[in-house]
2 protein chains.
Amino acid sequence: MMDRTDRKILIALQQERQNTKEIAAKVGLSVTPTYERIKKLEQQGIIKGYVALLDREKIGKRVVAYCQVTLLKHQKGLINTFEQEIQTFPEIMECHHVSGGFDFLLKIAVSDIKEFHQFINEKLSVLEGISNIHSSFVMNSVKESTAYKL
Amino acid sequence: MMDRTDRKILIALQQERQNTKEIAAKVGLSVTPTYERIKKLEQQGIIKGYVALLDREKIGKRVVAYCQVTLLKHQKGLINTFEQEIQTFPEIMECHHVSGGFDFLLKIAVSDIKEFHQFINEKLSVLEGISNIHSSFVMNSVKESTAYKL
DNA sequence: GGTGATTACAGAATTATATTCTTAAATGGA
DNA sequence: TCCATTTAAGAATATAATTCTGTAATCACC
């Protein structure tokens, strides 16, 4: 299983991908065992992969919104269809099926309000079975991390 | 500025960090110009960094919730204090100041419902100026990406 | 407490990749 | 067209990843 050292490695790698030597120094081991631990975490699928994070503003995505979507009825077929359609829209970064007052929470990133409007009108609201869409625009992302507490 | 090739590079790196040779093959360039383009994108801050993504279940975070937080009043002081406190809680992965029916949208990841309950009661709700907290639990993450459309 | 098996560690050796350097080709105004 | 600037490619070098080998620590079992 996973010990204290593995957790230290994961904490470091969640912050920033670093070379083995740097990680080794942080966890107090030599390069080889550190390397082997990282490989093992990757093989076990605990580390799913490594990705580049981009600066949202610099690539011109000026609008981020969270959309609360309510479906007409909670039929399995309707939900499955919705979930499949969602995958094909690159504007949708995240889609979570949630409990509570609505069914799905979507994270949307687009260039401007015009594109957002188009997306809602021409892509999202035309999907079958949608009852309601309520959008909240992100004015400021106070904290934005991919790291889990370990 | 950024051309078609740079975009291809960013698309690839947002999916998975790859070595220069692989990226070079994908964009149809040799290693050197590809390398220099990646470095330039990093220096410009378009690429903010590279992080490891972990398997949530495998590290034992069984509960993810989105919390809608409403403050008592929209005073700058109150908002600033709230935003600072938020930073110190590792259970909070994201915190967005949003428009609409509530003020902040928080993404919370914890081990179990007990820990969630403790977090809400002992950490979040005790913060000064909080009027209301409404939580939606994630039952299934249909799509979960860090990649922006390019 | 001893003992064999297993696991974890470290340093050297090797391989692969990143980075730099040099030169040539392409591009874009004046 | 010509000069300046940018972009590309291949070779050379530096750095990091990966493998290999031997040693120490750990642990179940006696």
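A note on names: the letters A, B, ... follow the listed sequences, proteins ahead of strands, and every chain is numbered from 1.
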Side chains of [X] and [Y]: is there a donor and an acceptor less than 3.5 Å apart?
{"X": "A/H96", "Y": "A/E94", "value": "yes"}
{"X": "B/Y148", "Y": "A/E91", "value": "no"}
{"X": "A/Q118", "Y": "A/K123", "value": "no"}
{"X": "A/D103", "Y": "A/H74", "value": "yes"}

Starting at [atom1] of [X] and ending at [atom2] of [N], how long is that distance when rounded to a whole Å?
{"X": "B/L13", "N": "C/dA18", "atom1": "CG", "atom2": "P", "answer": "11 Å"}
{"X": "B/I38", "N": "D/dT7", "atom1": "CD1", "atom2": "P", "answer": "16 Å"}
{"X": "B/I23", "N": "C/dT19", "atom1": "CD1", "atom2": "P", "answer": "14 Å"}
{"X": "B/Q18", "N": "C/dA18", "atom1": "CD", "atom2": "P", "answer": "11 Å"}
{"X": "A/E42", "N": "D/dT18", "atom1": "CD", "atom2": "P", "answer": "8 Å"}
{"X": "B/R17", "N": "D/dA16", "atom1": "CZ", "atom2": "C1'", "answer": "13 Å"}

Item to check | D/dA17 OP1/OP2 closer than 4.0 Å to side-chain N/O of A/Y35 | outcome: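 A/Y35 to D/dA17 OP1/OP2: no side-chain N or O under 4.0 Å.
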Item to check | Contact state string [nucleotides 8-17 of chain C, B base, S sugar-phosphate only, - no protein heavy atom under 4.0 Å] | outcome: -SBBB----S
Checklist entry - Are any of the side-chain heavy atoms of B/E83 and A/N140 separated by less than 4.5 Å? => result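 With C-beta onward as the side chain, the pair touches.
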Item to check | Exercise: identify the closest heavy-atom pair between B/A12 and B/I23 | outcome: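 Heavy atoms only, the tightest pair is CB-CD1, 3.7 Å.
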